[in-house]
2 protein chains.
Amino acid sequence: MITPRFDILGQAISDASRTQMLCELMEGRAYTNKELAAAAGVTPQTASAHLRLLQDAGLVVAEKRGRCVYHRLAGAEVAHALEQLAAIAPADSLHRAQQRKAGGLAQLRSCYDHLAGPLAVAMTRAFLDRGMLVEEQGAFRAVPAGEWLKLGVVLPEKTGRQPFARPCLDWTERKLHVAGPMGRQILDHTLASGWVKRRKHKRGLLLSAPGRAALEQILDLRCGALAAA
Amino acid sequence: MITPRFDILGQAISDASRTQMLCELMEGRAYTNKELAAAAGVTPQTASAHLRLLQDAGLVVAEKRGRCVYHRLAGAEVAHALEQLAAIAPADSLHRAQQRKAGGLAQLRSCYDHLAGPLAVAMTRAFLDRGMLVEEQGAFRAVPAGEWLKLGVVLPEKTGRQPFARPCLDWTERKLHVAGPMGRQILDHTLASGWVKRRKHKRGLLLSAPGRAALEQILDLRCGALAAA
DNA sequence: AAAACCCTTCGCCGCGCGCCGAACTGTTCC
DNA sequence: GGAACAGTTCGGCGCGCGGCGAAGGGTTTT
């Protein structure tokens, strides 16, 4: 009987503590055991067991540096598959509502290797509205435009086998934003140019004043309300 | 803290019996409780509990007809998400080997709503080799050709938002074959024209003599060895 | 060297859940 | 009506696993 080892993966993500950790890791950064333990609300030794399991399932990789062990998602495919799962996850409106009420997730955050959150959705909306991006065949096709250069995006000469700009469904918004190589380039550029900064001890990203100005100048995107963080 | 309800889905697919059932349902057909119980190797009352859980998770829908209850996957998104999961599932070579040894899965079978298995992979290979299909941007683009009509495929006039021919990673082969609307059209046509037939009490599909002849004539596909079933 | 810190391993507890046998409801067929 | 069958509910058993406290390597700091 054919049975892809769903059960191993399912086992890995069937526990609330582990899902919490995975969500944390979806930020794309590497986290220590202790950090993930705190995120899941369990003791370090329990987190250690969970992480070993996630590692065995191939979802997470660990790297030892000094006395700390840094855990990271095993790859973009893992992040992508988890996104797919989130897309069919039952809508938990109550859960989502209370999360908003509690200040919730930042307006801007990283989703593995690209920008996510309401602001990322708004940016993608702007790309589509301005004709810089076209959605077809379930993928995004980038249209050459001067704006891309200003955003630090270098378009490939020819379309490759892998999608350059992949649509990614936002968890909280249930709307599309840009993932894939293009998403990575945008994140890299906005970080490098100081448009967005990583927050110290909180999740999410922060849009700086220059960043706000740049988005308004390049995309005519008014994000005054969004940047109130 | 943001946490898409991975845990509900994970819970649903974390059990071997349930994964077995889901794999059965990936055929695309509807199955009764008893059939799924047999497939998973458990008693009907146990299967009943599992199916209720899968239903609550939104993965499966049930339809009562007479004294039987027919269970089906909740939709194409579910099938797609499961495929994605299978793509990152740890390779279980031992498992796969023993499955081949045991006669394994048919050379041809249905994967939710399209053809799958080695023969489907070979067909896709032929499409690509003959230039009828081009892989780009992570999607398949169909090139107008007379062969398509002979296969019962009607190409859309303009590219839509959803991919017409979506690549689907085969569980057993780990190679691509055609899913999406095109895949559905191909499956429908091959069934309607009697090229392939559903087996009575066994899983998988059977390639008929006319079907073999048609594939050889249209695609120059020699599938003598493949059809030995 | 000692202290502080991060992580892991071990042992134990308790809940949860998968499983089945038995009994019950509802439908179909004779 | 009665028999046969599909499915579900209930009760009880037993394993598995998530959780923590305690103890044991390893690394960094003082």
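Residue numbers start from 1 in every chain, and the chains themselves are labelled A, B, ... in the order their sequence lines are given, proteins ahead of strands. Only a predicted model underlies this, so the values are computations on that prediction, with no experimental measurement involved.
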In terms of ring plane angle, is the pair A/W195 and A/H189 parallel, tilted or perpendicular, where the classes change at 30° and 60°? perpendicular
Pick the closest DNA chain D nucleotide for B/C68 and for B/R52 by heavy atoms, then say which residue is nearer the 5' end. B/C68
Separation of D/dT27 atom P from A/E63 atom CD, nearest Å, is 16 Å
Rounded to the Å, how far apart are B/Q55 CD and D/dG7 P? 13 Å
To the nearest angstrom, how far is A/N33 atom CG from D/dC20 atom P? 13 Å
In whole Å, I'd like the distance from the CG atom of A/L51 to the P atom of C/dC6. 16 Å
Is A/E35 touching bases, backbone alone, or none of the nucleic acid, heavy atoms closer than 4.0 Å? nothing
To the nearest angstrom, how far is A/D15 atom CG from C/dC17 atom C1'? 14 Å
Listed nucleotide nearest any side-chain atom of A/R67, set D/dG18, D/dC20, C/dC5: C/dC5
Counting only side-chain N and O atoms of B/S17, is one of them less than 4.0 Å from OP1 or OP2 of C/dC19? yes
May I ask you to verify whether the side chain of A/Q45 and the base of D/dG21 hold a donor-acceptor pair under 3.5 Å? yes
Taking OP1 and OP2 of D/dG19, is either one under 4.0 Å from a side-chain nitrogen or oxygen of A/H50? yes
B/L176 versus B/D170: any side-chain heavy-atom pair under 4.5 Å? no
Taking OP1 and OP2 of C/dG18, is either one under 4.0 Å from a side-chain nitrogen or oxygen of B/T46? no
What is the distance, to the nearest angstrom, from the NZ atom on A/K34 to the C1' atom on D/dT27? 15 Å
Sorted by position of nearest nucleotide on DNA chain D, 5' first, the leading residue of A/L53 and B/P44 is B/P44
Check this for me: does any side-chain nitrogen of one of B/R166 and B/E83 sit under 4.0 Å from a carboxylate oxygen of the other? yes
OP1 or OP2 of D/dA6 less than 4.0 angstrom from a side-chain nitrogen or oxygen of B/R65, does that happen here? no
Using OP1 and OP2 only, check whether a side-chain N or O of A/T43 sits under 4.0 Å from D/dC20. yes
Would you say B/R18 reaches C/dG18's phosphate, i.e. side-chain N/O to OP1/OP2 under 4.0 Å? yes
Value in whole Å for how far the P atom of C/dC15 lies from CD of B/Q11: 18 Å
Could you tell me whether the side chain of B/L205 reaches within less than 4.5 Å of the side chain of B/T190, counting heavy atoms only? no
Between A/R29 and A/D113, is there a salt bridge with N-O shorter than 4.0 Å? no
Tell me: CG of A/L54 to P of C/dT8, nearest whole Å? 12 Å
